[in-house]
Amino acid sequence: MKRVWVWMVTVCLVLTGCQGMEPAWREIPGVSSESGEKEEKEETTQQVQTQTEETGTKDSLSLSIPETSESAESLEETDGDEMESQNHESDERTDKTNRNDDSSEVIESRIAIATDIHYLEKSLTDNGKSFQAMVQNGDGMMIQYCWEIMMAFLEQIEKEKPDVLVLSGDLTKNGEKKSHEALAERLKRLENAGIPVVVIPGNHDINSPYACGFRGDETYSVQQISAKQFAQIYKDFGYKEAISTDPYSLSYVYSLNEYTWLLMLDSCQYEPKNLVGGMIREETYDWIEENLKIAWEEGVRVIPISHHNLLEQTNASEEFIKNCTIEHDERLIELWEDNQINIHLSGHLHLQHYKQTESEHPLYEVVTGSLMMYPCKYGILEVMNSGDMYYYTQKVPVAEWAAKYKKNDRNLLTFDSYAEQFLYDLSYRKVYESLQNHGISKEDSDKMAKLYARLTPNFYAGTIPNEREEILRDPAYELWKESEYFSEVSTTIQTVIEEENHNFNRLFVPY
């Protein structure tokens with residue numbers, strides 16, 4: 001059972017002193033729009049209706065991976081005139097009816113959040129056997145289309161023009177220097193368009209022993225980077241603009257505006273060697289407290305962002321707690337609550353989720369899913385002048401991008417269905433093979449694997465309600481419950497079903 005549990009864990013993980021005072025930011029004045037056009041655009045955005053994602057039962061067992069990836073045009077080579085604004089509705093946007101109807105409520109700032117990009121420089125693969133084996137035996141991330149997804153994403157961000165784009169770690173596949181440099185080069189386009197980009201590292205980005213390239217049926221080691229090199233490569237994406245930097249880590253403070261600071265926390269362990277789990281250095285805590293004191297005195301709202309998770313988001317896997325939650329997280333939670341910080345943003349889990357503390361004034365943590373994993377979403381956090389905040393997700397419009405640039409790859413042109421099927425097929429195959437290896441009949445293995453595979457896309461998309469009732473009625477669910485050998489795995493499935501009882505793609509965080 002240990003081997004099976006370790007496998008299931010891999011699928012889930014890799015898929016890895018002011019209380020009583022009123023802070024001055026509570027008195028933020030209304031922010032007026034620069035023009036009637038901007039106000040009209042914001043009103044239109046607020047009226048976007050939530051779209052329900054439906055996932056059907058599937059039987060396909062094959063993985064569709066392009067034998068040769070179509071050469072992707074550099075964003076720098078794309079004519080700027082071709083990038084006309086298009087109105088893309090958000091798939092999980094908060095309905096206007098959930099908002100305060102007070103017409104004085106104005107968006108003070110709009111923050112775009114993407115995480116776990118796992119970008120791989122194109123020259124590091126020839127799309128041969130070793131690369132395709134990596135994709136087929138991976139956790140569901142679509143590295144085979146990371147270039148196209150990234151280009152569609154950056155073009156969409158350029159159209160939306162948020163006040164800042166936050167990339168919260170695991171920027172590269174496994175910390176390859178070439179991947180970091182290539183990604184930084186692409187990000188320059190947004191900076192040149194007047195959209196600031198700020199980054200922090202993830203556990204895959206620095207001193208990674210797995211940095212490699214793919215050639216034929218072999219993999220080969222490539223150059224990784226140090227923490228100092230990370231700060232140098234991404235100096236234009238937060239570090240150069242920082243109003244305060246931590247001497248002991250890659251943490252820094254970015255001033256979004258006179259009312260809001262982003263506390264970019266480096267939660268990674270990469271010295272003397274790279275570790276999966278997260279922690280905050282003792283010296284960094286001192287630095288954090290100093291900056292929180294200044295923020296309080298100046299009446300500035302602080303929004304902390306880390307790669308690793310602050311709260312134990314789900315009991316679906318012990319690994320989600322062991323290697324995902326920041327060590328001694330209770331200290332950080334207490335620090336946020338003492339300073340009346342009510343939201344924390346993170347990634348790392350590759351799934352869309354959120355949780356709140358059980359307190360009179362709860363602290364919310366929002367985990368944004370991986371940009372490279374179905375359904376390829378990013379988050380938007382709208383900070384209102386009233387102090388309220390609205391979080392919602394949007395899909396990267398890959399299919400629209402592919403049609404616009406006349407791509408002939410069917411997977412790209414039907415990307416939503418392809419991405420869902422890809423994750424389903426991969427999940428089915430791994431579970432089926434594992435069940436067969438432990439003596440379960442072919443018929444029962446098929447039923448049980450289909451149930452898990454059916455659950456996986458919704459679990460990572462944060463939309464389990466779409467499937468929950470049907471799963472409970474599925475005879476395969478009883479097989480999982482009755483299986484003694486797989487009791488731990490069946491408990492994982494049961495936990496997921498019980499926890500995921502609403503949509504994690506939208507959240508209202510009250511003042």
message: A side-chain contact here means heavy atoms from C-beta on lying under 4.5 Å apart; do Leu190 and Leu154 qualify?
response: yes
query: Strictly under 6.0 Å, is that where the ring centroids of Tyr119 and His180 end up?
result: no
- request: Check Gly202 against Cys268 and note the closest heavy-atom contact, atom names and distance.
  value: C-SG, 3.2 Å
message: Check the orientation of Tyr432 and Tyr428. Use parallel for under 30°, tilted for 30 to 60°, and perpendicular for over 60°.
response: parallel
message: Minimum heavy-atom separation for Ile326 and Ser306, please, with both atom names.
response: CD1-OG, 4.0 Å
- request: May I ask you to decide whether Arg429 forms a salt bridge with Asp425, counting only side-chain N to carboxylate O separations under 4.0 Å?
  value: no
- request: Over all heavy atoms of both residues, which pair between Ser359 and Glu337 is shortest? Give the atoms and the distance, please.
  value: OG-OE2, 3.7 Å
Atom of Thr284, atom of Ser251 and distance for their closest heavy-atom approach: CG2-OG, 4.1 Å
query: Can you name the nearest heavy-atom pair linking His353 to Leu351, along with the distance?
result: CB-CD1, 3.2 Å
query: In terms of side-chain geometry, is the basic nitrogen of Glu148 or Lys407 positioned less than 4.0 Å from the acidic oxygen of its partner?
result: no
query: If we only count heavy atoms from C-beta on, is the Lys395 to Asp416 side-chain gap below 4.5 Å?
result: yes
- prompt: Does the side chain of His348 come under 3.5 Å of the side chain of Asn203 through a donor N or O and an acceptor N or O?
  reply: yes
- prompt: What about Phe422 and Tyr374, are their ring centers closer than 6.0 Å?
  reply: no
- request: Could you tell me which residues satisfy ring-ring contact (aromatic ring centres under 6.0 Å, His included) with Tyr354, sequence neighbours excluded, listed by chain and number?
  value: His502, Phe504
query: Do the ring centers of Phe508 and Tyr391 come within less than 6.0 Å of each other?
result: no
- line: Between Thr393 and Asn505 the two heavy atoms that sit nearest each other are OG1-OD1, 2.8 Å
Pair Thr172, Asp205: side-chain N/O donor-acceptor within cut-off below 3.5 Å: yes
